[in-house]
Every structure is written in structure tokens, then in C-alpha cells.
Visitor: 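Dropping the structure in here first, questions after.
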Amino acid sequence: MQAAPAGGSVRIATWNVNSLKVRLAQVLQFAASASPDVLALQETKLTDDRFPVAEIEAAGYRAVFSGQKTYNGVALLAREELQGVTTELPGAPDPQRRWLAATVSGVRIIDVYVPNGESVGSEKYAYKLGWMERLREAIAAELARHPQLVVLGDFNVAPEARDVHDPKEWEGQVLFSEPEREALRRIVALGLHDVFRRFEQPEKEFSWWDYRMNAFKRNRGLRIDLILASDALAARCTACHIDKQPRRQERPSDHTPVIADFA
DNA sequence: ATGGTGGCGCGGCCA
């Protein structure tokens, strides 16, 4: 057994911000109001030299990040020290910045931006499924070393029918196709728990809505932003919810934050 | 309906 976690209770959140440059003020506002101890960001779309370190430090957070120009990019903001940082999904070199891991307050945090996959059968879809299999292998290795572990981020897969506004319309489509759901189930089967589903939740609760066709107003969304905790960490989970407020703001990200509390 | 909206960056790609 490892030593007991150092920090006690921890609030952990994830948010695909779709450009940190555009969304910085919203991120700082969210950090101030929700006050997460750890905030995992995806789609920062910033090279590391442009990361807003000063603004984030002024808000009381440390930051590590792995970015690139225009696309992708992940970051971890934390109140406490971030140790053992890695920026590469093991298995094959990949210029796409989609993985960021660090240990904070005794919890191993793995922030992921799973590929979108474009459409079923496309080259990007094959890349997505391959990436998810490499992710499964990487998580298995991390779990062997870190019993207190969370994998969170934009998985670009809705796990179940109840995570989709219209499962019949989405059946077989990218983000809800059976091979993607199977790849996600294989990851969860390592011994992880989708902590959102460990608590009673409202019906039709989603984390992403397309910008087009008033999808948010009509609640035509998907739950594709997930917080997956190991057995030992899930046992400490006291709450998980989706915060829709940022999606209602002017110029929002198409995703909204998911927040989990651990005792 | 191969549309539609948004970000990046200034044409076309990506989501």
C-alpha cells in the first residue's frame, strides 16, 4: 500500500475551453467561483511561449502545459505543486498535444484530449481508435504505480444512450459509434469509475453542444467530458456535477466544465 | 439539406 494521500479533500475539474486565448477571462472567473484545486484544460490552441502564466499565477494557480499552434493543447492548473509531469502519450511519437500527466496532493492526474475522429471510417477515426488503445496501455502502467489516479478530459465519446440527446439519431455516428464506446469501456475496465454516474443526476445532462442550429438552447448535447477515477480515488468521491453556467455566457466554449469532489 | 457556427488566421482546416 502507498501512503495515504497528502492533501485531504480535493476538487478536480475539467473543461475543453476551445482556445485559452479567447476564454482566459472565463477560465479565471470559473476558477474564482468554483475554486477547483486542479483544473484540467483541453484545446488551449496555444504554443507554450504564449501560455498566460502570469494571469494564472496571479489567480493563485500553478500551471503546466503542452501546447501547439492552432490545434489541440492541454494544461493543468493546480493550487499545489505539480510533480512528475509528462507530456507524451507513450507508444509512438505524436506531434498532436493531447496528453498531460502530473501528481498533485498525492493524486495522479491524467488530462486527455482524445481525437475527435471526424467521421466513422475516416483516417482520423482510425487514429482515434489507435490513440485510445495506446491510452488504455498507458493508464494501465500509471495505475500500477499510482492507486490514487484520475483520467479526465474531453474523451470525444458518449459512453451510453442516456449520454446522448437522441441516441437513435446518433447511433453509428462518430462520438457514439460502437467501436468508440467499446474502446472507452476497455479503458474503464482497467478499474476506473465514471464518477458522474455514482450520483443521482438530472435527465439529459450533457457537457457539449454543437455551436450550430441552437443546439444548446434545444439541449441537443452529448456527455463526452468525463472524470474517470481509480477504485481507491472513486471511494473518496463525494459529488460530481456539470456546471452549465459557462455555456450560457457570451462567446462560450462549446463544452462546459465537469467538477468532482474527493474527501 | 453535405448546410449550420466558431477558432485560427486570412485560405482552408478542424471541431
Side-chain angles (χ1 to χ4, degrees), chain A residues 14-30 39-52 55-56 65-75 89 94-100 111-132 135 152-159 163-166 168-177 179-181 183-184 206-226 242-258:
Chain A
T14 179
W15 192 7
N16 178 324
V17 292
N18 186 21
S19 167
L20 183 54
K21 182 182 168 191
V22 171
R23 236 66 70 187
L24 178 60
Q26 292 185 34
V27 168
L28 297 176
Q29 185 181 6
F30 172 74
L39 175 55
L41 303 177
Q42 305 87 38
E43 283 204 272
T44 54
K45 299 186 173 180
L46 286 169
T47 51
D48 290 349
D49 59 302
R50 292 169 184 257
F51 197 89
E55 291 89 336
I56 283 164
F65 35 88
S66 178
Q68 66 182 95
K69 189 176 152 86
T70 310
Y71 302 120
N72 309 315
V74 283
L89 174 61
D94 188 348
Q96 301 189 30
R97 312 320 292 164
R98 298 180 176 279
W99 160 287
L100 184 59
D111 176 16
V112 296
Y113 176 45
V114 173
N116 171 279
E118 190 193 24
S119 59
V120 173
S122 67
E123 266 184 45
K124 293 193 182 101
Y125 183 79
Y127 167 70
K128 179 181 195 173
L129 293 179
W131 200 93
M132 291 183 77
L135 178 62
L152 78 173
D154 178 0
F155 284 77
N156 267 315
V157 181
D163 300 312
V164 179
H165 67 88
D166 185 342
K168 283 184 180 154
E169 176 184 327
W170 279 86
E171 189 63 53
Q173 302 297 309
V174 75
L175 311 186
F176 192 56
S177 73
E180 293 165 81
R181 292 157 66 189
L184 181 59
F206 308 124
S207 67
W208 168 82
W209 302 259
D210 198 291
Y211 283 121
R212 295 165 285 193
M213 306 299 290
N214 290 313
F216 180 64
K217 208 171 281 182
R218 300 157 70 195
N219 199 29
R220 291 174 56 86
L222 272 61
R223 191 176 69 92
I224 57 178
D225 299 273
L226 309 177
I242 293 171
D243 178 8
K244 285 200 284 289
Q245 188 53 41
R247 189 64 174 81
R248 299 187 185 105
Q249 294 184 281
E250 279 190 45
R251 221 178 168 192
S253 169
D254 46 350
H255 297 251
T256 207
V258 186

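Predicted model only: the values in this text are computed from it and were never measured. Note on naming: letters A, B, ... go to the chains in the order of the sequence lines (proteins, then strands), and numbering restarts at 1 for each one. Only this structure's heavy atoms are used, side chains among them; waters, hydrogens and symmetry mates stay out.
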Visitor: How would you list, by chain and number, every residue that makes a side chain to side chain contact (heavy atoms under 4.5 Å, CB included) with A:Tyr71, sequence neighbours excluded?
Guide: A:Gln68
Visitor: Please report the distance separating the P of B:dA1 from the corresponding atom of B:dG6, rounded so that it comes out in whole Å.
Guide: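 Per the computed distance, 25 Å lies between those P atoms.
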Visitor: Using the P atom in both, what is the distance from B:dT5 to B:dG9, to the nearest Å?
Guide: 22 Å
Visitor: Rounded to whole angstrom units, what separation is found between the CZ atom of A:Phe176 and the C1' atom of B:dA15?
Guide: 20 Å
Visitor: At 4.0 Å (heavy atoms only), tell me whether A:Arg98 reaches a base, stays on the sugar-phosphate, or touches nothing.
Guide: sugar-phosphate
Visitor: Tell me the interatomic distance from A:Phe155, atom CZ, to B:dA15, atom P, rounded to whole angstroms.
Guide: 17 Å
Visitor: Of A:Gln96 and A:Leu20, whose closest DNA chain B nucleotide lies nearer the 5' terminus?
Guide: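 Result: A:Leu20.
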Visitor: Rounding to an integer number of Å, can you tell me how far A:Leu46 CG sits from B:dG7 C1'?
Guide: 12 Å
Visitor: Check each residue of residues 113-125 of chain A for a non-hydrogen atom within less than 4.0 Å of any atom in DNA chain B, then write out the ones that pass by number, or none.
Guide: A:Tyr113, A:Asn116, A:Lys124
Visitor: Checking A:Glu55 now: which residues fulfil salt bridge (charged side-chain N to carboxylate O under 4.0 Å, His left out) with it, not counting sequence neighbours?
Guide: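 None.
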Visitor: Could you tell me if A:Asn72 and A:Arg98 have a donor-acceptor pair between their side chains, going purely by distance under 3.5 Å?
Guide: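 Looking only at side-chain atoms, A:Asn72 and A:Arg98 do form a donor-acceptor pair, the distance falling under 3.5 Å.
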Visitor: Is the A:Trp170 ring parallel, tilted or perpendicular to the A:His165 ring (thresholds 30°, 60°)?
Guide: perpendicular
Visitor: For A:Arg223, which residues count as a salt bridge (charged side-chain N to carboxylate O under 4.0 Å, His left out) partner, sequence neighbours excluded?
Guide: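 Partners of A:Arg223 under the salt bridge (charged side-chain N to carboxylate O under 4.0 Å, His left out) test: A:Asp163, A:Asp194.
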Visitor: Give the rounded distance in Å between these two atoms: CZ of A:Arg50 and C1' of B:dG7.
Guide: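 Interatomic distance, CZ of A:Arg50 to C1' of B:dG7: 14 Å.
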Visitor: Tell me: CD of A:Glu180 to C1' of B:dA15, nearest whole Å?
Guide: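 Answer to the nearest Å: 14 Å.
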Visitor: Measure the distance from CH2 on A:Trp131 to C1' on B:dA15 and round it to the nearest whole Å.
Guide: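 In whole Å, B:dA15 C1' and A:Trp131 CH2 are 16 Å from each other.
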Visitor: Using the side-chain hydrogen bond (donor to acceptor under 3.5 Å, both in side chains) rule, pick out the option among A:Asp154, A:Asn18, A:Asp111, A:Asn156 that qualifies with A:Gln42.
Guide: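 For A:Gln42, the side-chain hydrogen bond (donor to acceptor under 3.5 Å, both in side chains) test succeeds with only one of A:Asp154, A:Asn18, A:Asp111, A:Asn156, which is A:Asp111.
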Visitor: Residues in salt bridge (charged side-chain N to carboxylate O under 4.0 Å, His left out) with A:Arg212, at least two apart?
Guide: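 A:Arg212 satisfies salt bridge (charged side-chain N to carboxylate O under 4.0 Å, His left out) with A:Asp210 once adjacent residues are dropped.
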Visitor: In whole Å, I'd like the distance from the CG atom of A:Asn72 to the C1' atom of B:dC8.
Guide: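 Rounded to whole Å, this separation is 13 Å.
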Visitor: Does A:Thr256 have any side-chain hydrogen bond (donor to acceptor under 3.5 Å, both in side chains) partners at least two apart in sequence or in another chain, and if so, which?
Guide: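 Here no residue qualifies.
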Visitor: Mind checking what makes side-chain hydrogen bond (donor to acceptor under 3.5 Å, both in side chains) contact with A:Thr70, not counting sequence neighbours?
Guide: none
Visitor: Considering only side-chain heavy atoms of A:Glu43, which listed nucleotide, B:dG9, B:dA15, B:dC8, is closest?
Guide: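 Side chain of A:Glu43 sits closest to B:dA15.
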Visitor: Holding to ring-ring contact (aromatic ring centres under 6.0 Å, His included), I want the full list of residues that pass it with A:Trp209, two or more places apart in sequence or in another chain.
Guide: A:Phe216
Visitor: Verify the contact: side-chain N or O of A:Thr70 to OP1 or OP2 of B:dG9, cut-off strictly under 4.0 Å; return yes or no.
Guide: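 Affirmative; the distance criterion is met.
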Visitor: Once you round it to whole Å, what is the distance between C1' of B:dG12 and NZ of A:Lys69?
Guide: 14 Å
Visitor: Which protein N or O atoms sit under 3.5 Å from an N or O of nucleotides 2-6 of chain B?
Guide:
unit_1	atom_1	unit_2	atom_2	d
B:dG4	O6	A:Arg212	NH1	3.4

Visitor: Could you give the distance separating B:dA15 and B:dT2 at their C1' atoms, to the nearest angstrom?
Guide: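 The answer is 16 Å between these two C1' atoms.
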